[in-house]
Chemist: 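Take this structure first; my questions come after.
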Amino acid sequence: MAGFFDTHIEYLKGVGPQKAALINKELGIFTFRELIQHYPFRYEDRTRFYQISEINPDLPYVQIKGKIRSIETSGEGRKKRLVARFTDNSGETELVWFKGIQWVIKKLKTGVNYIIVGKATAFNGVINIVHPEIEVLTEQNAAGGYFQPVYHTTEKLKSRYLDSKGISKIQKELVKRALPNLRETLPPSIGEKYSLMPKQKAIINIHFPSNTETLQKAKFRLKFEELFYIQLRLLKLKLSRSEKFKGQFLNKTELLTTFYQEHLPFELTNAQKNVIKEIYYDLRSGKQMNRLLQGDVGSGKTMVAFICMLLAVDSKAQAALMAPTEILADQHYEGLKEYANQLGIKIGKLTGSTRTKERKILHTQLESGELDILVGTHALLEDKVQFKNLGLCIIDEQHRFGVAQRAKLWSKNAYVYPHVLVMTATPIPRTLAMTLYGDLDVSVIDELPAGRKPIKTIHRYDANRLQVFGFIREQIQKGRQVYIVYPLIEGSEKLDYKDLMDGYESVQRAFSEYQISIVHGKMKAQDKDFEMQRFVKGETQIMVATTVIEVGVNVPNASVMVIENTERFGLAQLHQLRGRVGRGAEQSYCILMSGYKLSKEGKTRIETMVRTNNGFEIADTDLQLRGPGDLNGTLQSGVPELSIADLSQDGKILQIARESAREILEKDPNLEEP
Ligand code: ADP
Ligand code: MG
């Protein structure tokens, strides 16, 4: 049913078909609903007037009152400028225009009282305001006393008078018409509990705030509402799933006990133990598990995965472990095969490069139930891969997998959905995790195995390469191994490969007495594997690579990670790369190389890496730097588009919104109450 808010904006007074078409095109706004949710992103405080003697470049937009004393143009052609000297009784400033001079000059008059709004800048020691807004002082505007909302707009829209002021005007019309149609969308109990501003009042104040306090309350209310409904949907999904979907009852622990007593190579950390307990509880709840396991790089997720797979196998179910890359699948397989053999469990590996003949054998063994554990890549999602009884599915490094793929795994068991455990080392900030994975239960490994020394991270300029090479040599002489990683960015592959090969050559020249591996995406899987294995076995001392080694690879003897062109990597990626070292007992180092020229953001990323090893702190900084929309693309799709809440700022609001949604569902699981 189309309601008031579905009305097309061309039917709003002051808009009409032509402007509507332009707004559609420029802002993607079609309906009243979309327009009213086009909230200002900033507000200019016009509640006070500054004295000219007070203004300086550190202030945001300022508003002043005064008169023009003189008007003159200077320069020629593109350097032409118009300067008006503007005074009040406290001092003088310059108003400057570079564009539209002919038009502006006709408007300006000396001796008339004006209101000026703009940003003060300093030029040659003189304070000036470039391209200010200028308005004749009248009785109405003399008092100041309002906030000017600033809306996202475009040059094209501005040329059709749809600047912030123009948009504000049509919003005024829309809000007026919308009010009778705006119903309260939150239950009174929540409104009271958090003293939320009523919906109507919030809409008025977000577009036309009367003071800072009401503006804050309006923002809070609308953000809360937006996040509340997302959380309500996610939690409802989770609830109905846990009611509807049964899971296999996996409760035997004999295999586990044998493994603990006879083969486990180290003492589990308490965090690992707790997580295993949580998962064990899920596996015998009779309901399908959907759990996210977050653990920083090196926290020992693989062992947790293996132990959980034992629980499945013990109850005559099969288990699958899916990794994002072939290298990683190989490594998991090689590592786990040893334990599986000790326990008499049959484990297989399926990747893109598995030969057809082997594949056929695997398929048969999976269908007959002969194979207990399958390790692989995306290849195990193929329809041809069918299990006799898949009971548990583990996805390593989730950020490389989409939501759709997660769902596809479910269909691998026709009778009862397999339990799903998603493991990620990408430390997703809590706020983002709650939105992305709000439908999953979350476990966290927040402890590294004992005896690890924190990695030392250092920033070095390219000019100091010789020194860095000297340090690498020292480390190799002590028996350590070294990674040197180059960026490989989509769109600039050609140059990047050249960088990589040039780098490889110079490393070969500098370290001619040592063996050097190289691994990159253009190599055949077989060759990659061969080189990787040489490094893992310690036959080569240096591994030159692109980011293919980023995820999961485990070589405890490697103690130095050199990252070239650091500024070209994202923070999450840098943290992942650094996590490749620091896995053994030795002191490890991460050396971030860069040129002298760094962007502000690049600098912040490097400083953050040098300052902290804490994945969650890094993830938060990353979120601040990039904003959640951007993380969206790299992590996985699924971050809902938000019209007012900001996941990088509104973590607290999100938390209480989620809590409220949970309370509501507890009392009213089917959402039947008004
Ligand atoms: P990640 O969580 O990054 O996947 P891994 O599972 O690769 O980490 O584990 C990193 C290293 O730590 C491996 O060499 C693993 O054998 C080792 N490890 C895991 N758990 C423990 C533990 N409790 N005590 C000591 N070493 C451990
Ligand atoms: Mg791992």
Side-chain angles (χ1 to χ4, degrees), residues 256 259-260 263-277 279 291-310 320-340 342 373 375-377 394-401 421-428 442-455 480-481 483 532 535-538 547-559 561 572-586 588 590 613-616 618-619:
L256 190 77
F259 182 63
Y260 276 177
H263 308 293
L264 187 66
F266 38 67
E267 173 85 9
L268 293 177
T269 63
N270 283 327
Q272 283 171 314
K273 285 184 200 163
N274 287 338
V275 167
I276 292 167
K277 257 188 238 158
I279 295 169
R291 189 171 279 281
L292 174 72
L293 172 56
Q294 275 196 293
D296 212 342
V297 275
S299 60
K301 293 185 291 296
T302 319
M303 187 48 85
V304 171
F306 182 69
I307 287 169
C308 295
M309 292 198 280
L310 289 183
L321 173 59
M322 186 158 81
T325 64
E326 199 144 323
I327 291 181
L328 197 56
D330 285 352
Q331 193 166 50
H332 281 332
Y333 175 70
E334 293 303 327
L336 300 183
K337 192 169 66 180
E338 204 178 309
Y339 301 130
Q342 290 166 345
I373 294 177
V375 177
T377 54
I394 299 177
I395 306 173
D396 195 13
E397 313 295 350
Q398 157 77 6
H399 60 294
R400 300 286 172 100
F401 286 107
L421 179 67
V422 171
M423 305 198 296
T424 176
T426 310
I428 307 162
V442 180
S443 294
V444 181
I445 307 187
D446 52 5
E447 177 186 5
L448 293 182
R452 296 261 175 88
K453 294 196 182 79
I455 302 161
R480 307 287 116 72
Q481 287 164 284
Y483 291 105
M532 201 60 224
F535 189 67
V536 172
K537 287 185 203 144
T547 45
V548 286
I549 60 135
E550 175 191 339
V551 178
V553 174
N554 189 26
V555 181
N557 189 48
S559 68
M561 167 63 66
Q573 219 176 7
L574 289 173
H575 183 64
Q576 282 286 325
L577 283 169
R578 178 167 61 183
R580 297 307 111 214
V581 297
R583 304 186 145 235
E586 307 304 331
S588 287
C590 176
N613 274 311
N614 182 325
F616 286 92
I618 289 172

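Ligands are counted one by one from 1 in listed order, and the atoms in each one are counted from 1 as well. Residue numbers count from 1 along this sequence. Keep in mind that this is a model prediction, so the values were computed, not measured.
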Chemist: Under 3.5 Å, is there a donor-acceptor pair between the side chain of E586 and the main chain of R480?
Modeler: no

Chemist: With the side chain counted from C-beta on, respond yes when T269 and P449 share a heavy-atom pair under 4.5 Å apart, and no when they do not.
Modeler: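 They are in side-chain contact.
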
Chemist: Pick, from M303, R452, R580, the option with the minimum heavy-atom distance to atom 11 (C) of ligand 1.
Modeler: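 When every heavy atom of M303, R452, R580 is considered, R452 comes closest to atom 11 (C) of ligand 1.
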
Chemist: Closer than 4.0 angstrom, basic N to acidic O: yes or no for E267 and K273?
Modeler: yes

Chemist: With a 4.0 Å heavy-atom cut-off (strictly under), which part of T269 contacts ligand 1: side chain, backbone, both or neither?
Modeler: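 Both backbone and side chain.
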
Chemist: Which of these, P449, G300, G335, G579, has its nearest heavy atom closest to atom 25 (C) of ligand 1?
Modeler: P449

Chemist: Is it the side chain (CB and beyond), the backbone, both or neither of E267 that lies under 4.0 Å from ligand 1, heavy atoms counted?
Modeler: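 Near ligand 1, E267 shows its backbone, while the atoms from C-beta on stay back.
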
Chemist: What atoms of ligand 1 come closer than 4.0 angstrom to any heavy atom of Q272?
Modeler: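 Heavy-atom distances to Q272 below 4.0 Å select 19 (C), 20 (N), 22 (C), 23 (N).
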
Chemist: For ligand 1, note which part of R583 has a heavy atom under 4.0 Å away: side chain, backbone, both or neither.
Modeler: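 It is the side chain that gets close, since no backbone atom is under 4.0 Å.
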
Chemist: Can you tell me if Q481 uses its side chain to pair, donor with acceptor, with the backbone of F535 under 3.5 Å?
Modeler: yes

Chemist: With a cutoff of 4.0 Å, is S299 in contact with ligand 1, counting heavy atoms of the residue only?
Modeler: yes

Chemist: Over 60° means perpendicular and under 30° means parallel, so classify the ring planes of F259 and F306, tilted if in between.
Modeler: perpendicular

Chemist: Please check if the side chain of K301 supplies one atom and the backbone of L293 the other of a donor-acceptor pair under 3.5 Å.
Modeler: no

Chemist: Could you pull out, from G582, A585, G451, G298, the option with a heavy atom nearest to atom 3 (O) of ligand 1?
Modeler: G298

